[in-house]
Each structure stands twice: as C-alpha cells, then as structure tokens.
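Beneath this line is the structure, given in structure tokens, with notes to follow.
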Amino acid sequence: MRLRFAPSPTGALHIGGARTALFNWLLARHSRGALVLRIEDTDRERSTTENVEQILDALRWLDLDWDEGPIFQSARAARHREALQALLDAGHAYRSRATAEDVKEFKRRHGADRGFRGEPDSDGAVRLRVPDEGATIVHDAVRGQTRFEHVHLDDPVIARADGSVLYNFAVAIDDLDARITHVVRGEDHLSNTPKQLLVLEAARAVGLGADRPLPVYAHLPLLHGPDGKKLSKRHGAASVQELRDAGYLPEAVRNYLALLGWGAGDDETVLSTPELVERFTLGRVSRNPARFDETKLRWLNGIYMRELPIPELARRLKAFLELTDPTAAKALAETETDRRSAERPPKAAGDRFERAVAISREKIQTLDDFWPLSGFFFIEPADDPPARERWLGEDGRRALSDARAALEDLGELTETTVAGALEAVVARRRVKPREVYQPLRVAIAGGTVSPGIFESVALLGRAETLRRIDRALARA
RNA sequence: GCCGCCAUCGUCUAGGGGACUAGGACGCCGCCCUCUCACGGCGGUAACACGGGUUCGAAUCCCGUUGGCGGUACCA
C-alpha cells in the first residue's frame with residue numbers, strides 16, 4: 001500500500017488531522033507500505049511556513065514518521081500546468097469567464113436537476129468538463145458505493161484565470177504521480193471525490209498514468225467536540241500542540257485516537273502502538289462520527305504513565321516542566337545544583353526527583369498533574385487557609401507537636417522508620433490515624449492532598465520537615 | 001434549497017436475521033482496600049431515534065420520517 005497524509009498548512013494540526021495522519025501511518029506500517037507526506041499549499045494566501053513547521057512538529061511529537069516528502073504542492077506547479085494544458089488541448093477542460101454568480105443564475109434558470117455547463121471562452125478560469133449523462137461512483141473502502149449523478153455536478157473550476165491550479169486538480173494529479181494506492185482522509189472530502197475521479201479519468205484519457213489503477217478511497221468519520229459540534233478551543237484541546245501542553249503522552253494519544261472510528265473487534269481498549277500496527281485494518285473502520293472526549297484520554301494517559309519506567313517518566317516530566325512551567329523548571333535545576341554541592345549522600349540526592357515521581361505517579365493522570373501534587377518537595381508549599389483551619393486547630397497542633405518530637409528523635413528517616421514513629425504517635429494519642437497524618441500533611445505539603453505521608457516525610461528529609469512543622473505551629 | 005454521509009448506554013464501541021434477558025471500555029453511583037488523593041478489586045446504573053414493510057423470526061435487510069453532520073468557492 002502507498003498512502004499519503006496531505007495536510008493544508010492553514011493552521012495548527014488539529015485532532016481530526018492527527019487522527020487522519022495516524023490512520024494512514026498505521027495502514028502504511030501494517031502493510032509494510034509507504035507513507036507520503038504532502039503539504040497542500042496551493043492556497044498561497046493562507047499557507048505559511050510557520051504552519052508547516054507546526055504540523056511537522058506535531059507529527060514528530062506523535063512519533064508518526066513518513067517515508068517520502070514532505071512534498072510541497074506549490075513546488076509542483078510546472079507539472080500541474082503541463083497536465084492542465086493536456087486536458088485543455090484534449091477538450092476535457094475549457095476556459096470560462098463564468099463567475100459564481102453566473103453559475104447560480106444558470107441553476108435558477110435550469111432548475112436544480114442540471115449542473116452548470118459553461119461555454120468555452122478564450123480566457124478565464126479553467127473548468128473541467130463533466131459528462132452530461134451518467135454518474136461517477138465512488139467505491140469507498142469503509143462506506144461502500146456512493147453514486148454521484150453527473151446532472152447534479154457543476155463543471156468544477158480546476159485552475160484560476162492565472163493558470164494556477166486548484167485543490168481538486170492538484171490532489172488528483174499528485175496522487176496519480178505519487179502512485180498512491182489508498183486515499184484515506186476525512187469524510188468532508190467525500191463529495192470532492194467524484195471531481196477528483198473525473199480529473200483522474202480525464203488525465204488517463206490523455207495518457208497520464210493510464211497504466212495505473214485508480215486509488216482506493218476511504219473516508220473516515222468526522223470528529224466532533226463533546227457537544228457534537230465542531231471541535232474547537234472551547235472544548236479544551238483542539239490541536240496536537242494543546243494536547244502536548246496539557247500533559248498527555250504521545251503513545252496515549254495514539255491509542256485514544258485510534259479508538260475514534262476504529263475498534264480492534266474484541267474488547268481491548270488499551271493497545272500499544274505495536275499492537276495497533278499489528279491489528280489495524282480499513283475493514284474495521286467505523287462509519288459513525290465520533291466525539292472527542294478528554295475523559296477517556298485522561299484515563300488512558302494515566303495507564304501509560306504508570307507503565308513507564310520511573311526514570312523515563314521522570315525524564316518526560318522534566319522536559320514537560322521545562323516547556324510549560326519556568327518556576328518548576330528553575331526549582332528542579334536548583335535541586336540538581338544542591339545535589340552537586342555534595343551536602344548529602346550523592347545517591348539519595350540524585351534520586352530525589354525520581355523518588356518524588358515514584359511516589360506520585362499512581363495519583364496523577366497527566367504530566368500536568370505532577371507539579372500541583374508534588375511541587376512542595378522542591379518549593380515552599382502554597383498556603384491553604386481552609387486546610388489549616390480544618391486540621392491545625394488545637395488538637396491538630398498537639399498532634400503535630402507529638403509528630404515533630406517523634407521525628408526529631410528518630411534515627412535514619414526511611415518510609416519504614418517514619419511509619420513506625422508516626423503510628424506510635426497515633427497509638428499514644430488514641431485517635432484515628434488521620435488526626436495525626438492530616439495536620440502533618442498540611443504542615444509539610446500545604447494542603448490536604450499529597451503522596452503518602454510516610455514516603456513524603458522520608459523524601460523531604462528531617463531538617464526540612466521539622467522546619468515546616470515549626471512554621472505551621474508558629475503560624476496557626 | 002440542492003447533493004451526499006450517518007443513526008446501539010451520557011461518551012467510545014461490539015453486534016452484520018435466531019447465540020441478545022443487547023457485550024466491553026470511559027464516566028457516574030455503591031462497597032472493599034485506605035493516612036489524604038489516587039491505584040486496585042467487586043457490584044450497579046444506562047442504549048438498539050421513530051414509523052412502516054420483508055421474514056416463522058430483525059438491533060441486524062428494505063422504504064419513509066426525524067435528527068445530526070459534510071459539501072455546495074477562481075479555499076483546502
């Protein structure tokens with residue numbers, strides 16, 4: 001199979017585009033075929049190099065690679081003109097000065113059952129001549145046959161008056177030249193397909209690619225927002241960049257996107273990328289439009305985060321924070337400096353960030369969840385007045401004092417020794433565990449939610465823990 | 001308006017004439033685990049849009065209605 005992904009650089013890569021890219025990529029890898037990347041920039045007004053870069057970035061982040069290209073459609077203008085001239089010479093296309101208004105007027109006069117047919121002029125835009133009779137049938141790999149009656153089709157404009165070609169023409173010629181065997185794209189292109197098929201037929205009639213079979217088309221169901229409307233910023237993430245910045249892992253995004261409009265057939269939902277490659281086929285692509293629902297993506301992302309080895313997760317977390325949170329990045333950098341100052345045993349210090357990651361990861365679903373939960377290991381905790389009032393009243397402070405004493409007297413602080421010491425405080429005070437642990441949590445973490453209290457104390461270290469307890473006692 | 005696509009729990013889906021008292025996953029609810037939050041485990045809630053056919057039998061096939069979406073550019 002030879003496939004292609006052909007985005008138009010008129011904006012960032014949206015989630016729907018990413019899904020199209022993914023499906024093409026999966027098909028190419030599954031079939032051990034090739035994926036061609038083509039940039040459809042024939043609209044020079046709206047296409048920018050920034051957008052091209054952004055799209056390539058998004059594909060790289062998703063780890064979707066391509067075998068050929070990027071081919072810029074604009075760079076193929078000479079070839080397009082040549083093909084256009086061939087169609088013109090053979091009478092499959094003609095120049096016409098007819099405007100959109102003229103077309104409307106034509107239809108008003110002739111009724112809806114007659115597509116626009118122009119008279120050749122000496123100049124003007126180029127229109128493809130659509131046969132009056134018959135129909136073009138699109139054989140779609142996911143939808144079956146769709147019949148487009150020629151009487152309903154207007155002669156489409158395939159090139160501007162200045163000779164520059166338009167989308168439906170350029171696409172057909174480029175697919176032909178690139179020997180694309182399968183055109184897999186969004187359903188919004190279904191009604192373009194007969195036009196492209198007509199271009200292809202005309203091109204073959206004049207000897208262009210006559211030896212090659214027409215590509216198989218497959219139109220993917222569209223993606224909508226949670227409310228069923230068009231996906232937009234209003235729904236949270238709408239572009240791949242936004243997904244990245246929201247703290248999702250590319251492998252989780254691939255897994256989730258694959259499930260939108262495709263299913264393995266059994267009840268599997270967690271499918272690694274190799275499994276997707278192994279199992280993906282066009283035959284199982286759905287015809288129903290799907291809604292992009294971030295809830296399920298969050299869940300999946302959590303699973304992938306927990307499956308990552310701790311050092312790898314730590315690496316990604318660090319990269320993420322460097323990209324999105326200067327404060328956090330700076331704090332982490334300073335932690336590393338401390339480590340090098342050798343004030344503590346290198347091993348323990350070196351693992352500090354990784355240890356924080358290890359005790360946090362079952363509590364977070366995205367990379368973005370980490371810092372709010374565990375940033376207190378690296379920076380001064382935020383103040384949370386309601387939490388203080390609830391847990392650092394008279395009883396809470398007494399419990400906190402007891403905890404302080406127990407920790408101060410302890411030998412080495414490990415999860416086990418801390419647990420022993422604090423459990424003894426609970427037993428001595430004859431209270432529920434939380435009556436000791438929550439005040440302590442508020443004191444060291446700032447709020448009522450954090451990783452396990454024993455692990456947290458052990459990681460924070462005695463000096464810092466005692467300092468924060470003292471500060472909480474003084475302030476409360 | 002015209003052309004076209006689509007129609008199963010709130011969401012993603014399984015299902016392609018009898019195996020369906022319609023299965024799974026997310027979410028939600030409850031219980032268990034528990035130092036918070038989670039993770040994990042167990043259980044529960046919840047759907048074949050409607051109306052006609054065809055058939056011994058329809059979620060599955062056909063037609064219509066309704067609804068959603070796409071297209072209808074000298075955009076892609």
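In what follows, every chain begins at residue 1, and chains take the letters A, B, ... in the order their sequences are listed. In this text, all values refer to a predicted model and were calculated from it rather than measured experimentally.
- Counting heavy-atom neighbours within 6.0 Å of A:K107 NZ, excluding the residue itself, gives a total above 12.
- At a threshold of 4.0 angstrom between heavy atoms, the contacts of A:H224 are confined to the sugar-phosphate backbone, with no base atom among them.
- A distance-only check finds no donor-acceptor pair linking the side chain of A:R19 to the backbone of A:L257 [under 3.5 Å].
- The listed nucleotides are B:G4, B:U36, B:G71; the one nearest the side chain of A:L190 is B:G4.
- A:F378 and A:F370 have tilted rings, their planes meeting at an angle from 30° to 60° on a 0 to 90° scale.
- Per the geometry, NE2 belonging to A:H219 stands 16 Å off P belonging to B:G4, to the nearest Å.
- The same atom, P, is picked in B:U72 and in B:G30; the two are 49 Å apart, to the nearest Å.
- Dashed line: the shortest gap from a side-chain N or O of A:R306 to OP1 or OP2 of B:A38 is not under 4.0 Å.
- Between the side chains of A:R441 and A:Q438, a donor-acceptor pair is found at a separation under 3.5 Å.
- Across every strand in view, B:U34 sits unpaired, with no contact that passes the Watson-Crick or G-U test at under 3.5 angstrom.
- Residue A:R76 is tested with A:D174, A:D175, A:D41 for a salt bridge (charged side-chain N to carboxylate O under 4.0 Å, His left out); the sole match is A:D174.
- Base pairing of B:C74: no nucleotide in any strand meets the Watson-Crick or G-U wobble criterion (both distances under 3.5 Å).
- For the side chain to side chain contact (heavy atoms under 4.5 Å, CB included) criterion with A:N255, the lone passing option out of A:L271, A:L22, A:L249 is A:L271.
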Chi angles and distances behind the side-chain hydrogen bond (donor to acceptor under 3.5 Å, both in side chains) call for A:Q145, A:D140: CA-CA 6 Å; A:Q145 297 190 357; A:D140 190 292; over 6 Å; no
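- Distance, A:D266 CG to B:G15 P: 10 Å, rounded to whole Å.
- Residue A:S191 places no side-chain N or O under 4.0 Å from the OP1 or OP2 atom of B:U72.
- Using a 4.0 Å heavy-atom cutoff across all strands shown, A:T10 reaches no nucleic acid atom at all.
- When the nucleotides B:C5, B:G23, B:A25 are ranked by their closest atom to the side chain of A:R143, B:C5 comes out on top.
- Contact annotation: A:R44 side-chain N/O to B:C75 OP1/OP2 distance is not under 4.0 Å.
- With rounding to whole Å, A:R434 atom CZ is found 9 Å from B:C35 atom P.
- Listed nucleotides B:G70, B:G27, B:C35 differ in distance to A:Y437; the shortest reach to its side chain belongs to B:C35.
- Along RNA chain B, the nucleotide nearest to A:E40 and the one nearest to A:P221 differ in position, and the one closer to the 5' end is contacted by A:P221.
- Within the nucleic acid shown, A:G452 comes within 4.0 Å of at least one base atom, counting heavy atoms only.
- Within 4.0 Å (heavy atoms only), A:Y256 reaches no atom of the nucleic acid at all.
- Figure legend. B:G51 is base-paired to B:C63; pairs are counted as Watson-Crick or G-U wobble with both atom distances under 3.5 Å.
- Side chain A:K363 to base B:C37: a donor-acceptor pair is found below 3.5 Å.
- Residue contacts shown for A:R46 include a base, since a base heavy atom lies under 4.0 Å away.
- Looking at A:S272 and A:E275, their side chains do bring a donor and an acceptor atom within 3.5 Å of each other.
- For A:W299, whose side chain is taken as the heavy atoms from C-beta onward, the closest listed nucleotide among B:C39, B:G27, B:C12 is B:G27.
- Base pairing of B:C69 is made with B:G4, judged by Watson-Crick or G-U wobble geometry with both donor-acceptor distances under 3.5 Å.
- Between B:G53 and B:C12, the distance separating the two C1' atoms is 33 Å to the nearest Å.
- The distance between the ring centers of A:Y256 and A:F292 falls below 6.0 angstrom.
- The number of heavy-atom neighbours closer than 6.0 Å to CZ of A:R430, taken from other residues, nucleotides and ligands shown, is 12 or below.
- Note on A:R390: nothing from the nucleic acid sits closer than 4.0 angstrom, heavy atoms only.
- Separating the P atom of B:A59 from that of B:G23 is a span of 14 Å, rounded to the nearest Å.
- You'll find a donor-acceptor pair under 3.5 Å spanning the side chain of A:N192 and the base of B:A76, going by distance alone.
- The side chain of A:D267 lies closest to B:G23 when the candidates are B:G23, B:A76, B:G4.
- Side-chain nitrogen and oxygen atoms of A:N288 include none within less than 4.0 Å of the OP1 or OP2 phosphate oxygen of B:C12.
- The side chain of A:T146 sits closest to B:G4 out of B:C35, B:G4, B:A14.
- As a whole-Å value, the separation of A:H150 NE2 from B:G4 P is 13 Å.
- Contact annotation for A:K229: backbone-only contact, meaning every heavy-atom pair under 4.0 Å involves sugar-phosphate atoms and none involves a base.
- The side chain of A:Q438 lies closest to B:U36, out of B:C12, B:A76, B:U36.
- A:T99 comes within 4.0 angstrom of no nucleic acid atom, judged by non-hydrogen atoms across all strands.
- Between A:R147 and the phosphate of B:C5, there is no side-chain N or O to OP1/OP2 separation shorter than 4.0 Å.
- With rounding to whole Å, A:R291 atom CZ is found 10 Å from B:C9 atom P.
- Residue order along RNA chain B, read from the 5' end via each residue's closest nucleotide, puts A:K104 first among A:K104 and A:N168.
- Between B:G17 and B:C48, the two C1' atoms lie 15 Å apart (nearest whole Å).
- At the heavy-atom level, A:D41 lies nowhere under 4.0 Å from the strands shown.
- B:G18 is paired with B:C56 under the Watson-Crick or G-U wobble criterion, all donor-acceptor distances under 3.5 Å.
- Taking the C1' atoms as reference points, B:C33 lies 15 Å from B:G43, given to the whole Å.
- Across all strands, A:A290 comes closer than 4.0 Å only to sugar-phosphate atoms, never to a base (heavy-atom distances).
- Within the 4.0 angstrom heavy-atom criterion, only backbone atoms of the sugar-phosphate kind lie near A:L259; the bases stay farther away.
- Look at the C1' atom in both B:A49 and B:G67: the space between them is 8 Å, to the nearest Å.
- Nucleotide B:U34 holds its C1' atom 12 Å from the CD atom of A:E423, rounded to whole Å.
- Between A:Y304 atom OH and B:A25 atom P the separation is 17 Å, expressed in whole Å.
- The interatomic distance linking A:D121 (CG) with B:C74 (C1') rounds to 14 Å, in whole Å.
- Distances from the side chain of A:A100 to the nucleotides B:C74, B:C75, B:C35 place B:C74 closest.
- Look at the P atom in both B:A22 and B:A38: the space between them is 33 Å, to the nearest Å.
- Nucleotides B:G24 and B:C9 are separated by 12 Å at their C1' atoms, to the nearest Å.
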